[in-house]
Every structure is written in structure tokens, then in C-alpha cells.
Amino acid sequence: MIARTPPHLLGIAGMTQAEIVDLLDLAEGYVDVNRAPVKTSDLLTGRTVINLFFESSTRTRTSFELAGKRLGADVINMEVDWSAIKKGETLIDTAMTLNAMHPDVLIVRAPDSGAAKLLSEKVNCSVVNAGDGSHEHPTQALLDALTIRRRTGRLAGLRVAICGDIAHSRVARSNIHLLRTLGADVRVIAPPTLLPSGIETLGVTPFVDMRAGLEACDIVMMLRLQTERMRGSYVPSIREYFRFYGLDYAKLASAKPDALIMHPGPMNRGVEIDSEVADDIDRSVIREQVEMGVAVRMGVLDALTRPVLEGAA
Amino acid sequence: MAPSTPSRVAYTNARLLDPATGLDASGGLLTENETIAAVGRELFADGVPEDALHVDCGGACLAPGLVDMRSQLGEPGREHKETIRGAGAAAAASGITSLICLPNTDPVIDDEAGLEFVARRAREAKSVKVYAYGALTRACAGEQLTEIGLLSEAGAVGFTDGVSAVGNAQTMRRALSYASAFDAVILQHPLEPTLASGVMNGGALATRLGLAGSPAMAEVILVERDLRLIEMTGGRYHASHITTARTVELIREAKRRGLPVTCDTAPHYFTLTEAAVGEYRTFAKTSPPLRRESDRQALIDGIADGTIDAVASDHDPQDQDSKRLPFAAAADGIAGLETLFSLSLDLVHTGRVSLLSLLHRLTAGPAEILGLQAGRLAPGLPADLILFDPDARWTIDPDRFRGKCKNSPFDDHPTHGRVLRTVVDGRTIFAISE
């Protein structure tokens, strides 16, 4: 028998348009499943999914857990203190230990960029990157894309602004790759200290003036700003950040009148987004993103455990 | 305005000097309320308007008021050394119509309240215009950036840590980067802090005096580093009070490469050398320290060719108690407001710098760096003017300074130039009594 590499979902970079659209189509089908009174299926009965989280996360872990359970898998949650995993060998030790228990899918969240890739090279099961450092968070980009597609019917040709801490954001990177691959016009808006050098080589247009950046945008994606970055190293203060880079109606007026507002959560109200805007029932799709998150993760687990899709992702 | 107070003033029979346009011709100037209404050679060919107050300049020079881009005004926190009112009066008598003060006060000007305080004190003094820099980092401690965006909106004309250098490269990089979003200029006190630990210029004289030297390279190294950071970030940068020949060269070259760099120096750096420290003369103790003759010559060349954009007083008032101390323990600083113009004019009299070029470094040059509506004789601009005689000879006597502190090394120094009248927003705030 030929040894086979199990399929992984480590990042959006490198995926083709067809692969992304297939995953979105698959996820789309699970939206209705999730809205039905009885949400369980037996697709993954007998399969084991391990949520291996080296970073505390409530919503992403819960979303993956629900996705696995609704597909009938056995889901185990492991939260590990990253400070105990400072060395690569220890991370690999952990992976090998889990590997010996024969899981089918390992869902990994880690504070170091490249951690999911490293793990995937050491285990025999599928690995899903649930966020690695400032690198990628592919299921977030997929759920964002699904949310947009269901609202506007398309992604190609849309003008999307991603605003905030671009430098440290895995959400930004995954979204940039996905949106560019699907033909959207992507802008990134941030204070210069949070715009990483060479960002334009990813095919996006950088802006430091938020109003100019939001000009005629269809979609406004806000990013969370970590509190430790707002104390004078990258940004002088919360109030200054909110004044110049927080999304309020005054700045939003530059975007299209029906522009959708997105946020990966959890939101810092009064830091990167005004509560009024965040709670705007006509334009904010922040709750819908959470709903799409479960559907997308069901689609991903489905795809990774299907023999026919092996190697596709 | 009461009917008896004319809203228009006609200045006739003047030598008009506008360094921004190169105008040097006899003519007249009309102000209306707070602004310049008209200026020109033949302005009053058909006579002075009837309703205007007539000022016959008697052939004296009429130029934009001086913009002094670096001064310490004592408020808040050091009112025993200087006050905004006192400095304003001294400035007015010395031809300065705009003063820009450093933020290293007590408390440091690192929030809107500090800027508002300075603005209020200036309003109360009703003298020259006073602007303030915002601190670049909180408490000028060199670590956390201040609210550059909000402070710019509140009137900060630039950002600096005053008499402290930003030594940390990452802090400077982020500051330049962040400030670029607001097109704010960052001013550096360019002395590499770990090298510039001495109390006078490093070299033979310091060795002979047994004083710790602060080498010229401390300035060169920091400016050189900052130029690399400007290349990385594109931020606007200004090197304050540069003192060495190598720094002039560096900036000349950086400008040739198109980097957004400007610089200034102060009269003591192009008038004196380290020799002025002589036998431990603390009145000549400054930071950066006075340098060598070759540096002094290079600074004058830099002023002449425009490499040095501005000449500032670097006014740093110190009381006797701060200066009458052993050299190393004495405070740095020279009270510079009242000698800024005359010591600068000396460069014209020695034939090294043309009058218009010199005036440019004192008016339009700094105004342009800071984005001030000042420094030009243009209709529509605020009527901030000086009338002066560039040739009058006098001898500096610090005891006769109007300002509170007399810490000047220039006692008995013969110099040139007398200010006859100073006008701010169309209003005469100083006129010499005949």
C-alpha cells in the first residue's frame, strides 16, 4: 500500500479558486442543517476530532466543537499552556502523543506562525489550522467569504476594506489571499505602524487615511486591536485609535451606502468599532459570521474526511 | 474697533525684504486689521489712503517677523527662570513675532491640556505668537508615543522630546512611521545618548581641562541612524541645533537624495567655538556643546547654501544658581532670544551670508517646516512684521536684557542690527522710542 498524506487545511495561500468555491458550496449546504430543529448527522460517526488549542479561545473552539459534534464525531478539547511549549521539540512531542491516539482530524490554534504546518508534518491525521500566530486563519476567511457571498451573491469585483492591525493579523492575511483569489479589490487601512512592509505585494492597496480607504467600499472588515498594542508602542492610545481608525458612521459615510460591516470578534467596542455601527441591524453581519462559522467548519471537516477530496485542500 | 483706531496702516518709504520671493526693493506695505493687504514698489504712488495710519519707515528694512523655532519658555513649571509674558516682551524687542516652545516643561506638554495652557498664557500676554511642540513620547521618556494625531489637531506644530534624544531606534522608527499618517514633523535632539555623556566637546581641550568629552560623532551617528530610519518610513524629520561639519555634510547629501529632512542651528554654534568654555566658563556650557572652528565654518556655509533651513535662538534661560557651579554640575543653556537676530546679522556683515538668505533662515525657512502662516510679505497673510536697521552697531550687555535670565556668554560682544518696530497681527507690540 502506498503511504498517503492526509489532506490538511493549513492556509488559504496556495488554494485555487475552484478549491475555495467547492468548500464554500459544501459549507452552504450545512447552513440549512444548522437551522433545522435536529442538527445531528452520522457522517463522522466513529471519527475523532481533537481541538488542540495552545491559545485560549472560546468562540473558535466552540464553533469547531459544535461542527464536529453535529457531524457525529467524537470531539475532544485540549487546552495547553503555550508557555510550556516554548521549544519545537515539545510541540512535536505533544503532537506525537496525540497522534498515537489515532485522531482523524487535529484542529490546531497556536500563537506561533508556522506551528500548524510543523505539526502537520509529524502526524498521520488531517490538520486544520485554527489560527497560527500572525500567519493564517483559513476557516475565518472562508466563513467571511460565505457570509459575503450569501448577502451579495458574489465576491468578484467587490471592493473590500480590511481595517486595523494588519501587521499582526492572521485574519487579514487569510482574507487577503481568499478575496484576491476570488477576484475582489482589496484595500488595507491602518496606521503606518500597523501596516507591515511589503503588504502591497499581496495585491492590496494600503491606506493610512481611513476615509480615503473606505471610499466606495462594498465590505468593511474590522480587525480586533490587541490591548497591548495600544499603549504607546504601535498606537498611542485607545482614544486616538478610535478617533482616526475606529469605525463610526462619520467614517463609514465614505463607503457605499449599503456597505456590509464585518468583524471576526470578539469586538472592542469604542476601540475599533462604534457600538451603533456594530449593532446596525441593516448593515452589520457580525452575528451572521458566527453562524456561518459553524457551517464552514462542518464543510471543512466533511471535505477533509472524504476520500474523494484527499489532497484537494 | 473704535473709530479712532485706524484699521489700516500704511508703511511707506521702506526697504522691503521678502526672502520667500527674493524681493529687495524700496516700496510700501499696507495692513488691514490683522493681515497684509498689499505690498509693492509703487504701492503708494497715488498717495497713502486717507483712512490709514501712516508710518514712514525712513528707509529702514521692512521684513517678515522672525520665527524662532526652538525656545524654552519656562511655563509650565519653571517660572522662576522664564515666563511666557517675559519671553514675549524680550522676543518682541528682538524682532521675533512667533516663538515655538519645547514640550520638556513640568509637567511635560504631552496632552491637549498642555497645549491649551500655553495657548492661554500666550493670549493673556498679548505679545508675540506662541506655538508649542508636543512631546513625541510620554513624559519625554523615550518609550510610549504620544497622541500625535489628536495633538496635531489641538495645535502642536511638531513633535520632539525637547532636550532629550530619542535614542531607541525602534521608538524612532515607529514615531516616524506613525507621524507620517498625519504629516507631522519629528524634531530630534541629535545626540546619541550613550555617547554624549560628557559636558563639553570631546577632544584636546576637554582633555586639558579634565572634563568628560561629548564627541562630535555622538551627533553624527544619531543623525546618520535617523536618516536610515527616514528611508524606511518616509517620515518628516528635523535635526535640531546641529553643530558639526559632518552633520552639515550628511544633511546636504540627504537632501540631494530627496529625503524629507530639515535642520537648524543656533547663533552660539556659528559664533563661538569650544574655546569659549575657556577656564570653565559655565555660561558657554550648552548641549550639544560648542564645537571646533572647522565646525563653525561649516555651519556658516550650510546657512549660506540652505542646507541649514533655519536659525533658532535655542533660548534656554538659566538663573545664576544653575550656572554658578563647577562646570560639570552647571546647567546647559544660553538665553538666546535677545541676541538671535544680531548675531545672525553678523554673518551678513562678514560677507558670508546674504541678507535675504539670512532672513529666509529666520522667517520663511522655519515657517515652512512647521506649516505656519508666517514668514512672508504676502497679501492675505497675518501682518507679522519687523522694521529694522541692519547696520546699527551695539555691544551685547546681558545685564540689560529684558528677559529674566541673563545667562549669555556674549557680554561685551560687538554686534549689529537694531529692531525699530515689531508688529504682530497688524498691531505694533514694540517700537523703539526716538
Side-chain angles (χ1 to χ4, degrees), chain A residues 134 161-169 187-201 204-215 223 225-248 250-251 254 268 270-272 274, chain B residues 103 108-115 133-156 158-161 164 166-186 228-237 260:
Chain A
S134 304
I162 306 176
C163 317
D165 188 357
I166 308 294
H168 302 97
S169 175
R187 303 166 151 213
V188 291
I189 304 172
T193 42
L194 295 175
L195 274 177
S197 65
I199 187 74
E200 62 286 348
T201 62
V204 300
T205 316
F207 286 85
V208 295
D209 179 335
M210 191 163 185
R211 284 166 196 267
L214 290 179
E215 186 74 40
L223 299 174
L225 183 65
Q226 305 285 342
T227 44
E228 66 268 21
R229 317 232 203 267
M230 318 170 202
R231 295 188 192 127
S233 52
Y234 294 91
V235 170
S237 67
I238 290 172
R239 59 181 199 138
E240 171 139 325
Y241 188 78
F242 183 72
R243 168 77 179 72
F244 295 101
Y245 296 99
L247 186 67
D248 54 17
K251 299 188 196 80
S254 307
N268 292 308
V271 178
E272 68 259 0
D274 188 282
Chain B
V108 165
I109 302 173
D110 60 5
D111 60 15
E112 289 129 309
L115 293 169
Y133 295 113
L136 181 60
T137 65
R138 289 187 193 263
C140 294
E143 287 161 14
Q144 302 174 317
L145 295 183
T146 56
E147 294 164 323
I148 288 174
L150 295 172
L151 292 174
S152 292
E153 289 189 339
F159 295 85
T160 177
D161 277 353
S164 309
V166 177
N168 184 305
Q170 183 69 283
T171 302
M172 190 46 128
R173 175 200 178 179
R174 290 203 181 129
L176 284 164
S177 173
Y178 189 78
S180 70
F182 304 98
D183 196 31
V185 63
I186 288 176
R228 302 295 170 196
L229 296 176
I230 298 160
E231 284 174 24
M232 283 172 73
T233 58
R236 281 176 63 207
Y237 174 87

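The sequence lines fix the lettering, A, B, ..., with proteins before strands; numbering per chain opens at 1.
Across every non-hydrogen atom of A:Leu195 and A:Phe207, the tightest pair is CD1-O, 4.0 Å. When every heavy atom of B:Leu150 is checked against every heavy atom of A:Glu240, the shortest pair comes out as N-OE1, 2.9 Å.
Neither the backbone nor the side chain of A:Tyr241 has a heavy atom closer than 4.5 Å to any heavy atom of chain B. With a 4.5 angstrom heavy-atom cutoff, A:Tyr245 touches chain B only via side-chain atoms. Looking at B:Arg173, neither its backbone nor its side chain comes within 4.5 Å of chain A, counting heavy atoms on both sides.
Between B:Phe182 and A:Phe244, the gap from one ring centroid to the other is short of 6.0 Å.
Of the listed residues B:Met232, B:Arg174, B:Gln144, B:Glu153, the one with more heavy-atom pairs under 4.5 angstrom with chain A than any other is B:Arg174.
When each of B:Thr146, B:Leu115, B:Asp161, B:Ile109 is tested with B:Pro103 by the rule side-chain contact (heavy atoms from CB on, under 4.5 Å), just one qualifies, namely B:Ile109.
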